[in-house]
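To start, the structure itself, in structure tokens.
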Amino acid sequence: MTVVEITDLSDPRLADYSHQTDVALKKARGTEHGLYIAESALVLQRALTAGHRPRSVLALGNTVDEARALVGEEVPIFSGPSELLEELTGYLLHRGLIAAMNRPALPSAASLLEGARRVIILENVADPTNVGAIFRSVAAIGADAVFVTPRCSDPFYRRAIRVSMGTVLQVPWTRLGDWPSTRQLLATAGFQVAALALSADAVSLRDFAAPARLALVLGAEGEGLTAEALASADAVVQIPMAHGIDSLNVAATAAVAMWALA
């Protein structure tokens, strides 16, 4: 397919990019599981490597050849000047291109636990920036999978993908159900659960003897973990602090805990 030069922003083929919210993209018509936006050639390449399928690409003129090299001739590439694309999307294309990607079906939680030794559970982490930063740490420091609760920010949101440098598309992840079913699932797979929380009975991370198979649970910004999460944990762990500081940002906490238990 040839590159399509944009002349009319009302072209229905551009609807995926026209001031679309992440929530609207997740419910996009004509898709099985919705869409997400891959921003930059690096993220697009990681999405393609993960087996995700692009619906189209939106590219500045000087990145058209790069986009074509990535997606080939079968995927439509829409191109135009920076000012026009900013008017269409509502933001500058700092990285030259974005792509509307078909969301893949999420794997089952049980399948991700098979053969895993360290997994991360994010309970109600609302900020996509934190979600993306945690995924980047998971990819860099090492954990086998990430699980997110129903109220956790979607890892496929554009900001989470961008902050993660596309590692959201590499690290296996899926959503969980309620805590009773999650606890049973983990126990059946031979996992113990360690909750990262400020608690009077918490064990210092320095002294925590990690089992062979461990699920680390991190909670919402500010509120921390719910009572249900704490009740489902085999141990409560905290990072020792200095200078009167009581805690770290949740993304920093995840990185420190993963490094200590790697």
Check against side-chain contact (heavy atoms from CB on, under 4.5 Å), Ile77 and Arg68: CA-CA 8 Å; Ile77 300 172; Arg68 180 180 286 168; 3.9 Å; yes

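- When every heavy atom of Pro54 is checked against every heavy atom of Leu48, the shortest pair comes out as CD-CD2, 3.7 Å.
- The cluster map of Ile, Leu, Val, Met, Phe, Trp and Tyr, joined by side-chain heavy atoms under 4.5 Å apart, puts Val256 and Leu225 in different clusters.
- Rounded to the nearest 0.5 angstrom, Ile121 CD1 and Phe191 CZ are separated by 9.0 Å.
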Distance-only donor-acceptor pairs under 3.5 Å for side chains of residues 106-114, two or more places apart:
{"unit_1": "Ser108", "atom_1": "OG", "unit_2": "Ser111", "atom_2": "N", "d": "3.1"}
{"unit_1": "Ser108", "atom_1": "OG", "unit_2": "Ser111", "atom_2": "OG", "d": "3.1"}
{"unit_1": "Ser111", "atom_1": "OG", "unit_2": "Ser108", "atom_2": "O", "d": "2.7"}

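- At distances below 3.5 Å, at least one donor-acceptor pair connects side-chain atoms of Ser232 with backbone N or O atoms of Glu228.
- The salt bridge (charged side-chain N to carboxylate O under 4.0 Å, His left out) contacts involving residues 13-27 comprise Asp11-Arg13, Asp16-Arg55, Lys26-Asp154, where partners must be two or more places apart or lie in separate chains.
- Pairing each heavy atom of Ala15 with each of Gln20, the nearest pair is O-NE2, 2.9 Å.
- Evaluation of the side-chain contact (heavy atoms from CB on, under 4.5 Å) rule for Gln184 yields Thr188 as partners, not counting sequence neighbours.
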For residues 128-145, tabulate all N or O donor-acceptor pairs below 3.5 Å that involve a side-chain atom, not counting sequence neighbours.
{"unit_1": "Thr129", "atom_1": "OG1", "unit_2": "Asp127", "atom_2": "OD1", "d": "3.4"}
{"unit_1": "Thr129", "atom_1": "OG1", "unit_2": "Arg159", "atom_2": "NE", "d": "2.6"}
{"unit_1": "Asn130", "atom_1": "OD1", "unit_2": "Asn249", "atom_2": "ND2", "d": "3.2"}
{"unit_1": "Asn130", "atom_1": "ND2", "unit_2": "Glu221", "atom_2": "OE2", "d": "2.9"}
{"unit_1": "Ser137", "atom_1": "OG", "unit_2": "Ala133", "atom_2": "O", "d": "3.4"}
{"unit_1": "Asp144", "atom_1": "OD2", "unit_2": "Arg117", "atom_2": "N", "d": "2.7"}
{"unit_1": "Asp144", "atom_1": "OD2", "unit_2": "Arg118", "atom_2": "N", "d": "3.0"}

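- Under the 3.5 Å distance criterion, the side-chain polar atoms of Thr167 are left unmatched by any main-chain donor or acceptor of Gln170.
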Distance-only donor-acceptor pairs under 3.5 Å for side chains of residues 193-205, two or more places apart:
{"unit_1": "Ser199", "atom_1": "OG", "unit_2": "Asp201", "atom_2": "OD1", "d": "2.4"}
{"unit_1": "Ser204", "atom_1": "OG", "unit_2": "Arg206", "atom_2": "N", "d": "3.2"}

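- When all heavy atoms of Phe156 and Ile161 are compared, the closest pair comes out as O-CD1, 3.3 Å.
- Distance alone, capped at 3.5 Å, places no donor-acceptor pair between the Asn102 side chain and the Leu35 backbone.
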Please tabulate, for the side chains in residues 80-87, all donor-acceptor contacts under 3.5 angstrom to protein atoms that are two or more places apart in sequence or on a different chain.
none

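- Although no hydrogens or angles enter the test, the distance criterion places a donor-acceptor pair under 3.5 Å between the side chain of Thr21 and the main chain of Ala24.
- Between Leu44 atom CG and Glu39 atom CD the span is 11.5 Å, to the nearest 0.5 Å.
- With sequence neighbours excluded, no residue satisfies side-chain hydrogen bond (donor to acceptor under 3.5 Å, both in side chains) with Arg213.
- Nearest approach of Cys152 to Val125, heavy atoms of both residues: SG-O, 3.4 Å.
- Taking the six-membered ring for Trp and thresholds of 30 and 60 degrees, His52 and Tyr36 have ring planes more than 60 degrees apart, a perpendicular arrangement.
- With a 4.5 Å cut-off on side-chain heavy atoms, Ile98 and Thr89 count as touching.
- Atom-to-atom distance recorded for Leu70:CG and Asp65:CG is 11.0 Å, nearest 0.5 angstrom.
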Stepwise side-chain contact (heavy atoms from CB on, under 4.5 Å) test for Leu122 and Phe147: CA-CA 6 Å; Leu122 304 183; Phe147 298 90; over 6 Å; no

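- Separating the CG atom in Leu176 from the OG1 atom in Thr149 is a distance of 7.5 Å, to the nearest 0.5 Å.
- Interatomic distance, CZ of Arg53 versus CD of Glu32, reported as 8.0 Å (0.5 Å rounding).
- Legend: salt bridge (charged side-chain N to carboxylate O under 4.0 Å, His left out) pairs involving residues 174-194, not counting sequence neighbours, sorted by first then second residue: Arg183-Asp234.
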Worked verdict on Glu123 versus Leu218 for side-chain contact (heavy atoms from CB on, under 4.5 Å): CA-CA 6 Å; Glu123 186 195 42; Leu218 297 113; over 6 Å; no

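- No donor-acceptor pair under 3.5 Å is formed between the side chain of Tyr17 and the backbone N or O of Ile37.
- For Thr49, the side-chain contact (heavy atoms from CB on, under 4.5 Å) criterion is met by Gln45, not counting sequence neighbours.
- Residues Val119 and Met258 do not share a hydrophobic cluster, clusters being chains of Ile/Leu/Val/Met/Phe/Trp/Tyr side chains in contact below 4.5 Å.
- Ala257 and Leu216 get closest at one heavy-atom pair: CB-CD1, 4.2 Å.
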Candidate pair Leu14 and Leu88, rule side-chain contact (heavy atoms from CB on, under 4.5 Å), full reasoning: CA-CA 8 Å; Leu14 300 175; Leu88 171 65; 4.2 Å; yes

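- With hydrogens and angles ignored, the 3.5 Å screen pairs a side-chain donor or acceptor of Arg46 with a backbone N or O of Met165.
- Hydrophobic clustering of Ile, Leu, Val, Met, Phe, Trp and Tyr side chains at less than 4.5 Å, counting indirect connections, unites Leu230 with Leu186.
- Contacts of Ser79 classified as side-chain contact (heavy atoms from CB on, under 4.5 Å), with partners at least two apart in sequence or in another chain: Val3, Glu5, Val64.
- Screening residues 247-262 for salt bridge (charged side-chain N to carboxylate O under 4.0 Å, His left out) gives no qualifying pairs among residues at least two apart or on separate chains.
- Ser40 pairs by the side-chain contact (heavy atoms from CB on, under 4.5 Å) definition with Leu42, Val43, Arg95, not counting sequence neighbours.
- Cluster membership for Leu248 and Phe208, using ILVMFWY side-chain heavy atoms within less than 4.5 angstrom, is shared.
- Taken together through direct or relayed side-chain contacts under 4.5 Å among Ile, Leu, Val, Met, Phe, Trp and Tyr, Val146 and Leu169 form part of one hydrophobic cluster.
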